[in-house]
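The structure appears below as structure tokens.
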Amino acid sequence: MIRFEHVTKTYKGGITALRDVNADVQKGEFVFLVGPSGSGKSTFLRLLLREEITSEGRIVVAGRDISRLSHWKVPQLRRNIGTIFQDFKLLPSKTVYENVAFAMEVIGRPRSVIRTQVPQVLDLVGLAKKAGRFPTELSGGEQQRVSIARAFVNRPLIILADEPTGNLDPATTVGIMRILDRINRTGTTIVMATHDQRIVDAMRRRVIELDHGQLVRDQARGVYGIGTDVAP
Amino acid sequence: MIARLQYFSRETLISLRRNLLMTLAGILTVAVSLSLFGGILLLSKWVDHGTEVIKGGVRLEVFMTVNATKQQIADVRTNLEADPQVESFRFLDKAAAYEEFKRIFRKNPDLVAAADPESLPTSFRIVPKQAEFTNAIKRRFAPQAGVDDVATPEEALRGLLSATRTARWIFIGLSIVLLVSSLFLIVNTIRLATFARRREIEVMKLVGASNWFVRVPFMAEGLVQGLIGAGLAVAVVVALKIGFDSWFSSPTGFFRDFYVTTSDAVSIAVVVVVLGILIGLVGSLIGLRRFLRV
Ligand SMILES: Nc1ncnc2c1ncn2[C@@H]1O[C@H](COP(=O)(O)OP(=O)(O)OP(=O)(O)O)[C@@H](O)[C@H]1O
Ligand SMILES: [Mg+2]
């Protein structure tokens with residue numbers, strides 16, 4: 001589903017954020033991307049979204065080399081990828097329902113489909129009763145659930161999450177992880193960058209660790225860090 | 001498809017309303033500059049028709065008598081060719097004279113109906129090497145056999161022509177300056193609109209909206225401003241055309257030969273609308289340039 005082949009990314013300022021990274025993620029996998037601040041996790045995700053272009057090497061997504069994707073085909077790539085961010089990126093002038101529907105509207109989905117899909121997805125994230133609220137009337141955890149609903153409503157092959165629980169307390173985090181887990185079970189590949197040791201250790205999924213732009217660990221059923229205590 | 005149209009019109013309206021003052025400013029400058037531009041074109045047409053006689057550099061006309069012989073006409077032609085003060089000349093035969101007669105007296109169909117091409121005189125239109133030679137040439141050709149009269153254009157008409165020429169360039173320059181500033185205003189409105197909606201744009205790009213889908217509401221916004229502005233300007237042009245028709249309708253007045261036709265007004269209106277569309281689209285494209293890249 002996702003393959004990094006000798007990927008190097010050097011930003012304009014000369015900073016090399018990723019250095020010769022190789023990774024292969026299968027369809028349906030759940031991958032944690034860990035590493036200290038500045039190690040290149042967000043860069044990894046931005047390259048997948050084609051917000052940035054690889055300096056060397058290539059990235060293959062669903063059989064397509066996206067490092068060579070022409071400008072006008074980028075939207076097509078992004079329709080296959082849902083995104084979740086630490087700061088939610090919800091539209092404050094739209095209700096919960098409208099925020100989710102917006103993601104379908106702007107790629108031209110028919111209205112009848114929107115009308116059936118949005119309530120279903122809101123139900124999945126447990127917000128069916130709050131469809132008419134505005135984002136400012138929701139807690140952080142609820143806002144993040146709206147953004148998950150928006151990322152998932154077009155049934156993408158892949159969901160990329162950049163520290164989705166970074167602003168949330170532990171109890172709320174557990175709720176968010178449950179939803180992501182449920183989405184993952186539908187066959188959606190999930191790549192999640194995080195600093196949250198507790199959830200990585202609790203879920204025991206594949207862990208890719210970056211350090212100064214280099215892949216230093218790629219472990220199935222891994223834990224957050226080598227030096228951390230893990231309950232047996 | 002219908003859902004898309006609804007989406008675009010809704011988004012365009014929201015954006016227009018959000019930027020109401022800038023939008024109005026954009027529309028008004030487009031309207032003023034295009035009105036000025038259209039008005040100048042109309043006035044030029046009006047003057048062109050009224051000064052047809054001296055247009056194209058024709059300064060004097062040698063009218064032959066109605067039944068001048070071929071030989072007499074040929075003699076005058078030979079003399080004109082040899083005349084060192086004549087820059088160029090053109091011969092109007094009876095058919096050409098009739099065409100022009102029809103055009104000049106187009107408001108007087110009875111007269112046109114009564115006229116017979118055979119009854120019209122042939123003539124030579126002469127451009128002297130210098131304007132000062134006009135009277136000398138007249139004195140030389142008036143007495144020749146078969147020549148009925150040598151007409152020189154009215155001084156007043158000549159003065160008017162050069163005055164309107166200057167005025168026309170000043171006004172065209174002025175309206176171009178205004179057109180450019182209305183373009184800048186639209187660019188600015190669209191920039192403000194994209195800034196006001198940068199979150200929406202960000203989300204749209206993240207979920208894979210095509211670039212055109214992102215752009216269309218903004219282009220429509222620019223287009224609406226250009227079109228409404230152009231519509232107002234067309235109204236001004238139409239009002240001016242009606243005004244010209246009624247203000248100078250006296251059959252004996254100095255401006256009796258001045259007129260604008262409906263087709264003049266229509267073609268000017270088309271130019272105005274096309275310019276309005278161009279200003280709107282080009283303005284919004286420039287305004288959008290910053291975020292055209294992914
Ligand atoms: N647009 C950019 N231009 C130049 N340098 C950048 C840019 N984005 C990131 N960097 C640099 O690239 C390196 C990796 O940044 P990145 O955001 O990928 O790290 P991260 O692992 O996501 O960090 P964090 O955990 O703090 O989010 C950093 O040194 C950063 O300063
Ligand atoms: Mg980051």
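Residue numbering restarts at 1 for every chain, and letters A, B, ... go by the order of the sequence lines. For clarity, every value in this text was computed on a predicted model and none was experimentally measured.
For a residue to count as touching a neighbouring chain, one of its non-hydrogen atoms must lie under 4.5 Å from one of that chain's; by this rule A/L77 does not touch chain B. Of the atoms belonging to A/P92, it is side-chain heavy atoms, and not backbone ones, that fall under 4.5 Å from chain B. Of the atoms belonging to A/L91, it is side-chain heavy atoms, and not backbone ones, that fall under 4.5 Å from chain B. Looking at A/R150, only its side chain comes within 4.5 Å of chain B, counting heavy atoms on both sides.
Chain A forms the most heavy-atom pairs under 4.5 Å with one residue out of B/Y7, B/W212, B/F213, and that residue is B/F213. Among the candidates A/S93, A/G82, A/G108, the residue making the largest number of heavy-atom pairs closer than 4.5 Å to chain B is A/G108.
A donor-acceptor contact under 3.5 angstrom links the side chains of A/D162 and A/S42, judged on distance only. Side-chain contact check for A/S55 and A/Y11: no donor-acceptor pair (N or O, by modelled atom type) lies under 3.5 Å. Residues A/Q117 and A/R155 have side chains that bring a donor and an acceptor to within less than 3.5 angstrom of each other.
Contact of the A/P135 side chain with the A/V96 side chain is not registered, since no non-hydrogen atoms from C-beta on lie closer than 4.5 Å.
Put simply, the residue from A/K73, A/R50, A/R58 that forms a salt bridge (Lys or Arg N to Asp or Glu O under 4.0 Å) with A/D65 is A/R58.
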